[in-house]
Amino acid sequence: QQILNLTASEQTFLDKLDEIHLCTDPDWMPYEGIDKYGQYTGIMSSFHQVWSEMIGKPVVLVKTSSWDESLKFIREKKCDVLSSAQDIPERRDYLSVTNPYISYSLALATHPDIPFIINLAQVKDKKFVMVKDYAAIKLIKNNYPGLNIVEVNSAVEGLKLVERGMAFAFIDTVPSINYQMLAHGISHLKISGVLIEHYNMSVGVRKDLPLLLSIYNKVIDATSEEKRQQILNNWLSVQLQYDADYSLLWKLLAGLFIILMLSLYRYRVIHRHNTELKAVNKKLVHMSKNDQLTGLPNRYYLHEAFQEALQTYHRYQHQFSVIIIDIDYFKKVNDTHGHVVGDEVIKKIADMLSDNLRDTDIVGRWGGEEFLIICPETDNAGAKAVAEHMRQLIADADFGLKPGNITASFGVTEYNKNESVDECIKRADMALYRAKELGRNKTIVF
Ligand SMILES: Nc1nc2c(ncn2[C@@H]2O[C@H](COP(=O)(O)OP(=O)(O)OP(=O)(O)O)[C@@H](O)[C@H]2O)c(=O)[nH]1
């Protein structure tokens, strides 16, 4: 306070004062604003901090939601000072202003393709945008009567109107235009002209507090040029700190998550289809090679097995034989007991054959009531023994049918060198035919 050289009445006034209530523009960065934590910030806030220390009284922010409201508050004496104000006639009945403490040129922000503007008169027919209620608007209107000025609520709104081509230029101070363009990512505009008009910033003091006005004038005068520049440089060289915008990251992650889930779902569906397909394929392969009634290899499979036996024979000269079996008088079984019983008989004989043969023997259903056995490593004598054993088993088995037992006839032959599969089977068939001729329930070897 000493350097202020206060008068006695100023000192008395201060002594009675607990704190100074300050109203501000909550949204006029970089000059001033109220940040997301409710703190007073910006160039003016630094000045007011310095002055508060010089005066020796705390300066308390009275929060408002707009510059308009701050003007209303000072009219209603809810605050003592306005952080920054201009001397304009409409305010004079409730507000006094100090000497200016900073001064800025007004500038034009336009699309980048607009050539440099030296004088507003050059472009007087265009549409301009300014923030309403700012003193600068009065200044421009006075100096350029008839200029088409659209008033908007905020600098960013004004800049966006110009960006969208809905107005020719936005008028504000250079630091304000720069700051707003940076803060809101407006990169398609440039400053294409600086006006001769200056915007002087003073502290506004309630008209009924003339001593406070004179105190503020003293602190402004006592603020060194060095201090002034230090504050301005601090703020104007500040890089804007953006709050990290994680929303895009979250959206990306959500997108990836959805893609992952869809891929998993798709994989599971495909996997299930594949499993089903494999099962169906297995079934189809089984069906293509096996007889449905008995489950034994079918005629197609027997042909394949025959070819394999043939290859082994040619490679190692290992003898193999074939047995053809035909159930005797089977028509009579069907006729007497019905087809269902006939099927049961076929199944039972199939089981008896596969259960009692060697693992290396291959038995399959050759036709309706006919079976065929391929016996590897077996000659006629061996095959005959196998056939006889089977014939006896069938003849002795109880099929639960009355009257009569079930028997079968057997034709046996061994493979002869260089003959075809068909020739071999035909010979076995002839042996079978002979067995039938000889009264059935017999084994004949050809
Ligand atoms: N139930 C049933 N009968 C079948 C099947 N396949 C063929 N048959 C019957 O078997 C009978 C075969 O009769 P035939 O060829 O006249 O010979 P068979 O009565 O056995 O007399 P032989 O062979 O001369 O002893 C026919 O009545 C066919 O309908 C089958 O899968 N199920």
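Numbering of ligands and ligand atoms starts at 1, following listing order. Worth knowing before you read on, the calculation uses all heavy atoms, side chains too, and leaves out hydrogens, waters and symmetry mates.
Scanning all heavy atoms of the two residues, the minimum distance from Pro26 to Trp67 falls at CD-N, 3.7 Å.
Shortest contact from atom 5 (C) of ligand 1 to any protein heavy atom: Ile346 CD1, 3.7 Å. Scanning the protein heavy atoms around atom 29 (O) of ligand 1, the nearest turns out to be Asn334 ND2, 4.1 Å. Shortest contact from atom 18 (P) of ligand 1 to any protein heavy atom: Phe330 N, 3.3 Å. Among protein heavy atoms, the minimum distance from atom 31 (O) of ligand 1 is reached at Arg365 NH2, 2.5 Å. The protein heavy atom nearest to atom 25 (O) of ligand 1 is Tyr329 N, 2.7 Å. Remark: minimum distance from atom 12 (C) of ligand 1 to any protein heavy atom is reached at Glu369 OE2, 3.1 Å. Looking only at protein heavy atoms, the nearest one to atom 22 (P) of ligand 1 is Lys436 NZ, 3.4 Å. Counting only heavy atoms of the protein, atom 13 (O) of ligand 1 lies nearest to Lys331 CB, 3.7 Å.
The N/O atoms of Arg440, backbone and side chain alike, include one that comes under 3.5 Å of an N/O atom in ligand 1.
Less than 4.0 angstrom separates some heavy atom of Ile327 from each of these atoms of ligand 1: 20 (O), 23 (O), 25 (O). Counting the atoms of ligand 1 from 1 in the order shown, those under 4.0 Å from a heavy atom of Gly368 are 6 (N), 7 (C). Annotation for ligand 1: atoms under 4.0 Å from non-hydrogen atoms of Gly342 are 1 (N).
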*asked:* Show, in sequence, the C-alpha distance, side-chain angles and deciding distance for Ile324 and Ile425, and conclude whether the side-chain contact (heavy atoms from CB on, under 4.5 Å) test is met.
replied: CA-CA 8 Å; Ile324 292 189; Ile425 291 175; 3.8 Å; yes

*Might you work through the side-chain contact (heavy atoms from CB on, under 4.5 Å) test for Met390 and Ile325, ending with a clear yes or no?*
CA-CA 10 Å; Met390 294 299 142; Ile325 306 152; 5.6 Å; no

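Salt bridge absent: Asp429 and Lys426 never bring a charged side-chain N and a carboxylate O closer than 4.0 Å.
Here the side chains of Ile177 and Leu189 are not in contact, with every heavy-atom distance at 4.5 Å or above.
Ring centers of Tyr301 and Phe306: at least 6.0 Å apart, outside the cut-off. The distance between the ring centers of Tyr31 and Tyr104 falls below 6.0 angstrom.
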